[in-house]
Amino acid sequence: AARVDAIVQKLAEQDRPVIIDEADYLVSNGKMLETLRDLHDLSAVPIILIGMAGFRGKIVHRKQFSGRISQWVEFLPADTDDARTLCDSVCEVAVEDDLLKKLHGVTGGSMRGLTVGISNIEGFAKSRGAKKVTAADWGNRPFTFADSGNGRG
């Protein structure tokens, strides 16, 4: 109880949200959920929970907890326009549409996969002094470790 009081005091003083990644793991621990609920109720700061697919189904049955959720945002896989926006924002070399489409297909629109793949494409181009990369330049190289042994890429 003393720890919770100390945490609540700090949260109230700083008035910043609490962000909890992989909140899926909290669902199976009732005591952790109750503590988190107390932190929210006593400090009045927003708590942002980030979970994997299926998280909503796990949390909705905990009425004392889920009733406090004021907004639900679900992130869907990126489409090719999202992939282009990401690529143009973070990559220092030009990635041609044919290669970006190939990357998008391999990653299924996963932002993590797209980010890693774009970084690898950028590294490939820079190591060769290239200012742009096409699908032909990339060849059959894997974009990420995850697709390195399955014939994709």
Hydrophobic clustering (ILVMFWY, side-chain heavy atoms < 4.5 Å, transitive) - are [Y] and [X] grouped together?
X: Ile20; Y: Val45; value: yes
X: Tyr25; Y: Ile48; value: no
X: Val60; Y: Phe65; value: no
X: Val90; Y: Phe124; value: yes

Tell me the closest heavy-atom pair linking [X] and [Y], and the distance in Å.
X: Ser89; Y: Thr85; value: OG-O, 2.7 Å
X: Leu49; Y: Ala23; value: CB-CB, 3.9 Å
X: Leu103; Y: Gly117; value: CD1-CA, 3.9 Å
X: Leu26; Y: Leu33; value: O-CG, 3.5 Å
X: Val133; Y: Ala125; value: CG2-CB, 3.3 Å

So how far is it from [X] [atom1] to [Y] [atom2], rounded to the nearest 0.5 Å?
X: Met52; Y: Asp21; atom1: CE; atom2: CG; result: 9.0 Å
X: Lys131; Y: Lys126; atom1: NZ; atom2: NZ; result: 10.0 Å
X: His104; Y: Asp97; atom1: NE2; atom2: CG; result: 12.5 Å

Close side-chain approach of [X] and [Y], heavy atoms under 4.5 Å:
X: Val116; Y: Ile118; result: no
X: Val18; Y: Leu11; result: yes
X: Leu36; Y: Ile47; result: yes
X: Lys132; Y: Val95; result: no

Check: [Y] main-chain N/O paired with [X] side-chain donor or acceptor under 3.5 Å:
X: Ser110; Y: Thr107; value: no
X: Glu122; Y: Glu92; value: yes
X: Asp82; Y: Asp79; value: yes
X: Arg62; Y: Val27; value: yes
X: Lys101; Y: Ala135; value: no

Output, in order, the C-alpha distance, side-chain angles, deciding distance and verdict of side-chain contact (heavy atoms from CB on, under 4.5 Å) for Phe143 and Asn120. CA-CA 7 Å; Phe143 291 106; Asn120 288 335; 5.7 Å; no

Using the side-chain contact (heavy atoms from CB on, under 4.5 Å) rule, take Phe75 and Ile50 through it: C-alpha gap first, then chi angles, then the decisive distance, then the call. CA-CA 10 Å; Phe75 289 90; Ile50 302 169; over 6 Å; no

Look at atom CZ of Arg3 and say whether more than 12 heavy atoms of other residues, nucleotides or ligands are closer to it than 6.0 Å. no

Modelled atom types, side-chain donor and acceptor of Thr134 and Asp137, under 3.5 Å: yes

Please determine whether side-chain contact (heavy atoms from CB on, under 4.5 Å) holds for the pair Leu100 and Arg84, giving the CA-CA distance in whole Å, both sets of side-chain angles, and the decisive distance to 0.1 Å. CA-CA 7 Å; Leu100 191 59; Arg84 172 52 64 198; 3.5 Å; yes

Return the orientation label for the Phe55 and Trp72 ring planes: parallel under 30°, perpendicular over 60°, tilted otherwise. parallel

side-chain hydrogen bond (donor to acceptor under 3.5 Å, both in side chains) contacts touching residues 28-50 (sequence neighbours left out): Glu34-Arg37, Asp41-Arg68

Determine, step by step, whether Asp24 and Lys58 satisfy the side-chain contact (heavy atoms from CB on, under 4.5 Å) criterion, reporting the C-alpha distance in whole Å, the side-chain angles of both residues, the deciding distance to 0.1 Å, and the verdict. CA-CA 8 Å; Asp24 311 67; Lys58 293 177 183 176; 4.1 Å; yes

